[in-house]
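Report on the structure given below.
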2 protein chains.
Amino acid sequence: MASPLEKARKDPDSMKARILNTARRVFGEYGFHGATTRMIAEEVGVDISTLYYHWGEKGDLYEAVILDINHDLKQLLGQVEGVIHGLPLDRRMDIAIDMTSAYLFEHPEISNLVLFRYFAKTRDEAVLDFQVPEIISDIARSMGLARDKRQVSNHVSMRILAMMNSIHHFVSGEEFFRGMLKMAREPYIAMVQETLKFMLIPAFVSSDAAE
Amino acid sequence: MASPLEKARKDPDSMKARILNTARRVFGEYGFHGATTRMIAEEVGVDISTLYYHWGEKGDLYEAVILDINHDLKQLLGQVEGVIHGLPLDRRMDIAIDMTSAYLFEHPEISNLVLFRYFAKTRDEAVLDFQVPEIISDIARSMGLARDKRQVSNHVSMRILAMMNSIHHFVSGEEFFRGMLKMAREPYIAMVQETLKFMLIPAFVSSDAAE
DNA sequence: GAATTGTTCCATCAGTTGATGGAGACGATG
DNA sequence: CATCGTCTCCATCAACTGATGGAACAATTC
């Protein structure tokens, strides 16, 4: 029952965990093909073969990374849900945007990896991601956009995708956008949150009121 | 004055143009590191060295591709502007969303490459993109969000970035999202356009009315 | 302390990748 | 026909990449 991933999470100082965390960052920065096992090993400060000993081949390590970030995302959603439960929609969205973006700006590799999975093809055939639909259902429920998480319409799923990706996109593009707009980090983050609220809240609130 | 790019555009059947167009697709699908010169050459049906003869090294070809898609984007914006000129804001946005998304769904490699440039690092140092700010200014002006294209506030730039990327994101993620939602192409595209309007129009229209 | 197990590194391999030099093919020009 | 410039391919290189076997070492168990 104790998967390698659980072991790594239990002891963050273990070699397994150190490799996993570095792999998250490197895969997030350069993508699957852009990252090499040597880059990861070098950054950890160990030999390549140590990577292979702990995580098997490159694709397996990548898969572990994906599972790891999905785990983090779910945990984040749980926290957000706990805070916003029972509040009116506009407040729910306001807080959810703040919390989610703040967390992702601290762990930008999550956004990078999510986006990479969305549209960068791997040369080998890709594994279908079964966790994203689940996460979307969770959001739909906690946002009050669907009564039962089993029956989330495509309609609603699309809107949640658009919402999530607006956030990811500003996190992943930070370097590019900040360079372009010549902004420091803090004002950039503040402006991102403002922009997200500007875009997202009117749409969902007015649609909610119309019902 | 006749750059290689202009030559290629003038004669679409030339080897230069055939390589460029294939490179657009392959770089768009797999990213810079995921695409190999051999993949591109093979798809064109020529030897690798023919690639190098016409476009120089891999990075140069990639750069030509980026310039090429920026050129297409500007052309598209010009067309959109011609159609929406003088209409009220909500109509402008409605039409711009339809036209832009329809075009990008026909040329998805544009969206892919734009997004790739935003957040995928190249192992070599990246070249700063000087064209994106210009495109954003154009949009701001044609949307009526800034009086002078010289003085577009970061505020407005962020909103336009968010808008553009919402579109790109649904185009690039088509395969992933359609697989997830189990939708055919046409209804997917229709639903994307509906979702984009749902999200974008209320925000901009209510902000416009408030002024 | 001996045996077993777990962990790390060194050396190395085969396949891939970016890149080039040179030979030949082709058409235009004289 | 001869010559020249343009274009394409074949052969090949060095560097890089994913991957592995085995030696060395450390920790654990008996």
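Naming convention: chains lettered A, B, ... in sequence-line order (proteins, then strands); numbering from 1 in each chain.
Looking at residues two or more places apart in sequence or on another chain, you find a side chain to side chain donor-acceptor pair (under 3.5 Å) between A:Arg159 and A:His155. With sequence neighbours excluded, the residues satisfying side chain to side chain contact (heavy atoms under 4.5 Å, CB included) with B:Asp60 are B:Glu57. In terms of the side chain to side chain contact (heavy atoms under 4.5 Å, CB included) criterion, residue partners of A:Glu81 (sequence neighbours excluded) are, by chain and number, A:Arg141, A:Ser142. Partners of B:Glu43 under the side chain to side chain contact (heavy atoms under 4.5 Å, CB included) rule, at least two apart in sequence or in another chain, are B:Thr22, B:Arg25, B:Val26. Applying the side chain to side chain contact (heavy atoms under 4.5 Å, CB included) test to A:Ser14 and every residue at least two apart in sequence or in another chain returns A:Asp11, A:Lys16, A:Ala17.
For B:Arg178 (side chain) and B:Met183 (main-chain N/O), a donor-acceptor pair under 3.5 Å exists by modelled atom type. Proximity of a side-chain donor or acceptor of A:Lys74 to a complementary backbone N or O of A:Asp138 within less than 3.5 Å is not detected. For the pair A:Ser101 (side chain) and A:Asp98 (backbone), a donor-acceptor distance under 3.5 Å is present.
Rounded to an integer number of Å, the gap from CG of A:Leu61 to C1' of D:dA19 is 14 Å.
Screening A:Phe119, A:Phe176, A:Phe177, A:Tyr118 against A:His169 for a ring-ring contact (aromatic ring centres under 6.0 Å, His included) leaves a single residue, A:Phe177. When each of B:Met93, B:His168, B:Met158, B:Met199 is tested with B:Met163 by the rule side chain to side chain contact (heavy atoms under 4.5 Å, CB included), just one qualifies, namely B:Met93.
Nucleotides of DNA chain C lying under 4.0 Å from heavy atoms of chain B occupy a range whose first and last members, 5' to 3', are C:dT17 to C:dG21.
Note: B:Leu113 CG to B:His107 NE2 = 13.5 Å, rounded to the nearest 0.5 Å. Here the OG atom belonging to A:Ser111 is positioned 9.0 Å from the CG atom belonging to A:Asn165, to the nearest 0.5 angstrom.
Residues from residues 21-31 of chain A with heavy atoms under 4.0 angstrom of DNA chain D: there are none. Only A:Thr37, A:Arg38, listed by number, bring a heavy atom of residues 37-45 of chain A to less than 4.0 angstrom from any atom of DNA chain D. Near-neighbour residues of DNA chain C inside residues 47-57 of chain A, defined by a heavy atom below 4.0 Å, number-ordered: A:Asp47, A:Ser49, A:Thr50, A:Tyr53, A:His54.
Identified under the salt bridge (charged side-chain N to carboxylate O under 4.0 Å, His left out) test for residues 179-192 of chain B, with sequence neighbours left out: B:Glu174-B:Arg185. Listed by first and then second residue, the ring pair (Phe, Tyr, Trp, His ring centres under 6.0 Å) pairs that reach into residues 53-76 of chain A are A:Phe27-A:Tyr62, A:Phe32-A:Tyr62, sequence neighbours excluded.
Rounded to 10 degrees, the angle between the two end axes of the helix from C:dG1-D:dC30 to C:dG30-D:dC1 is 10°, with five pairs used at each end.
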Could you walk me through whether B:Phe204 and A:Phe198 pass ring pair (Phe, Tyr, Trp, His ring centres under 6.0 Å), step by step?
CA-CA 8 Å; B:Phe204 284 95; A:Phe198 165 82; 5.3 Å; yes
